[in-house]
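What follows is one structure encoded as structure tokens, with my remarks underneath.
Heavy atoms only: backbone and side chains are in, while hydrogens, waters and symmetry mates are out.
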Amino acid sequence: MPTTARTVLFHELGGPEVLKIEDAEVPDPGVGEVLVRVEALGLNRAEALFRAGTYYYQPSLPASRLGYEASGVIEAVGEGVTELAGGDLVMTGPGIEMSAQGVYAERVVLPETAVVRRPESVDAVTGAAAWLTYTTAYGALLETAGTKPGDHVLITGASSGVGTAAIQVARRIGAIPLATTRTEAKRQQLLDLGAEHVIVSGGSGAETVAKETRRLTGGRGVEVIFDAIGGPAFRPLGDALAEGGTVVWYGWLDPRPAELPWNWPVTVHTYANFALITTPGGRRRSTAFLNAGLRDGGFRPVIGEVFDGLDRIQDAHRLMESNEHTGKIVVRI
């Protein structure tokens, strides 16, 4: 078994150009650990923020690793691991600390709790694109907001990986998703995924989005807003809420300060996926929900582009920062 593996590291903060491929040591899995041969990586916005030093925690430099999400095969297990064995198909994500455990590598040793089973019917690329997006949408919409059948859900940044998953999660439980996107080019794809309506924001502000949302809902507004953006638009976006509605704020694409909506009564939650999936119960429920949808075809991860080989990691990050894609970017190993 190899003792080193090609691994993406970075030694300074910056753009995609700081990502380097180096041989890193791969130890034998210890107590409660597994060795995963990585087949594909799913990129997330958090990784671009982490690389640039603008994520909510900082990388340990030099030689920081990177990456939350991968699919692969268990090659070996350490002492005390009883739920997984060599040859099992898995997806990674729960509780990973990227500096030390980042999965941008050909092989990686992780705690058993950082991997979940991947259904045998799910290929590596699909698996790499599924775990974080669908569990985030599940945890935010169902466990946090308590979204119910018949509820209208406004999804901002809907062409992202989490946004496209949220459309499908809402539809799966009988809710009615309304999607926002900045360009007309992405409208039809979002409709095809199940969005009831698509609001193309273009250069207009949140006030326009809120007004259009109320028009589309017959003046009532939506029961739930699932927001990835935050910033100054957060307050006027709240005007899209029905009385007593709920906002779940899960991202800060706009890092500027945000004010609470003024159309009280409203409930505002901030959502971080690790708070759910690092608990045994949360990991069990979210994984069961995800795998059920993958098995029966109800969940169809949207793949923006697939890059072949770790050597394309800089290109993959450049595409992610361009915002020209819809869905997840995957790097196949």
Side-chain angles (χ1 to χ4, degrees), residues 45-46 49 56 132-182 190 194-201 204-277 282 286:
R45 184 72 54 180
L49 298 173
Y56 75 92
L132 189 62
T133 54
Y134 287 94
T135 60
T136 298
Y138 163 82
L141 294 180
L142 276 69
E143 299 224 358
T144 302
T147 307
K148 301 176 181 62
D151 283 352
H152 287 80
V153 181
L154 179 64
I155 301 165
T156 67
S159 62
S160 68
V162 174
T164 56
I167 293 171
Q168 296 171 53
V169 168
R171 279 296 186 194
R172 188 171 183 85
I173 66 166
I176 304 165
L178 284 70
T180 75
T181 184
R182 291 185 305 166
L190 296 175
E196 185 79 6
H197 301 286
V198 175
I199 301 169
V200 178
S201 59
S204 63
E207 294 88 349
T208 302
V209 172
K211 182 178 179 180
E212 179 66 3
T213 299
R214 285 200 169 270
R215 185 189 69 81
L216 292 170
T217 56
R220 173 178 171 78
V222 297
E223 284 74 25
V224 178
I225 296 176
F226 185 45
D227 183 47
I229 301 170
F234 191 70
R235 180 187 61 76
L237 185 68
D239 289 338
L241 278 176
E243 183 176 350
T246 298
V247 183
V248 182
W249 183 10
Y250 78 97
W252 56 92
L253 293 178
D254 187 336
R256 293 176 293 173
E259 294 182 4
L260 292 176
W262 289 356
N263 55 328
W264 297 356
V266 300
T267 300
V268 177
H269 293 280
T270 55
Y271 180 79
N273 206 36
F274 70 84
L276 172 70
I277 49 77
S286 58

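In this structure, Thr135 OG1 and Ile277 CD1 are separated by 6.5 Å, a value rounded to the nearest 0.5 Å. The distance from atom OG1 of Thr156 to atom CH2 of Trp249, rounded to the nearest 0.5 Å, is 11.0 Å. Atom-to-atom distance recorded for Ser159:OG and Arg182:CZ is 8.0 Å, nearest 0.5 angstrom. Rounded to the nearest 0.5 Å, atoms OG1 (Thr213) and NE2 (His197) are 10.0 Å apart. If you take CD on Glu196 and CG on Leu190, they are separated by 13.5 Å, rounding to the nearest 0.5 Å. One distance of note links CD of Glu212 with OG1 of Thr180; it measures 12.0 Å at 0.5 Å rounding.
Judged by distance alone, with hydrogens and angles left aside, the side-chain atoms of Arg220 form no donor-acceptor pair with the main-chain N or O of Arg214 at under 3.5 Å. Asn263 places a side-chain N or O within 3.5 Å of a backbone atom of Gly238 that can act as its donor or acceptor partner. No donor-acceptor pair closer than 3.5 Å links the side chain of Arg172 to the backbone N or O of Ile167. Within the 3.5 Å criterion, the main-chain N or O of Trp264 finds no donor-acceptor partner in the side chain of Trp262. A donor-acceptor distance shorter than 3.5 angstrom exists from the side chain of Thr144 to the backbone of Gly139, with no hydrogens or angles considered.
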- [ ] Please test Val222 against Leu241 for side chain to side chain contact (heavy atoms under 4.5 Å, CB included), starting from the C-alpha separation and ending with a verdict.
- [x] CA-CA 5 Å; Val222 297; Leu241 278 176; 4.2 Å; yes
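Nearest approach of Ala195 to Val198, heavy atoms of both residues: CB-CG2, 4.0 Å. When all heavy atoms of Thr136 and Tyr271 are compared, the pair lying nearest together is O-CE2, 3.8 Å. Between Ala145 and Val248 the shortest heavy-atom distance is CB-CG2, 3.7 Å. Here the closest non-hydrogen pair linking Ala206 and Ala233 is CB-O, 3.5 Å. Residues Gly157 and Ile229 share a closest heavy-atom pair of N-CD1, 4.5 Å. The two residues Ala137 and Ala166 have their closest heavy-atom pair at CB-CA, 3.7 Å.
With a 4.5 Å cut-off on side-chain heavy atoms, Thr217 and Leu178 count as touching. In this structure the side chain of Tyr250 never reaches within 4.5 angstrom of the side chain of Asn273, judged on heavy atoms. The side-chain heavy atoms of Leu154 and Leu237, taken from C-beta on, include a pair separated by under 4.5 Å. Residues Pro232 and Glu259 fail the side-chain proximity criterion, which asks for heavy atoms closer than 4.5 Å. Counting only heavy atoms from C-beta outward, the side chains of Leu216 and His152 never approach each other to under 4.5 Å. By the 4.5 Å heavy-atom criterion applied to side chains, Ile199 and Thr208 are not counted as neighbours. Proximity of Thr147 to Phe226: side-chain heavy atoms (C-beta onward) are nowhere separated by under 4.5 Å. Between Thr246 and Ile225 the shortest side-chain heavy-atom distance does not fall below 4.5 Å.
By the 30° and 60° cut-offs, the orientation of the rings of Tyr56 relative to Trp252 is perpendicular.
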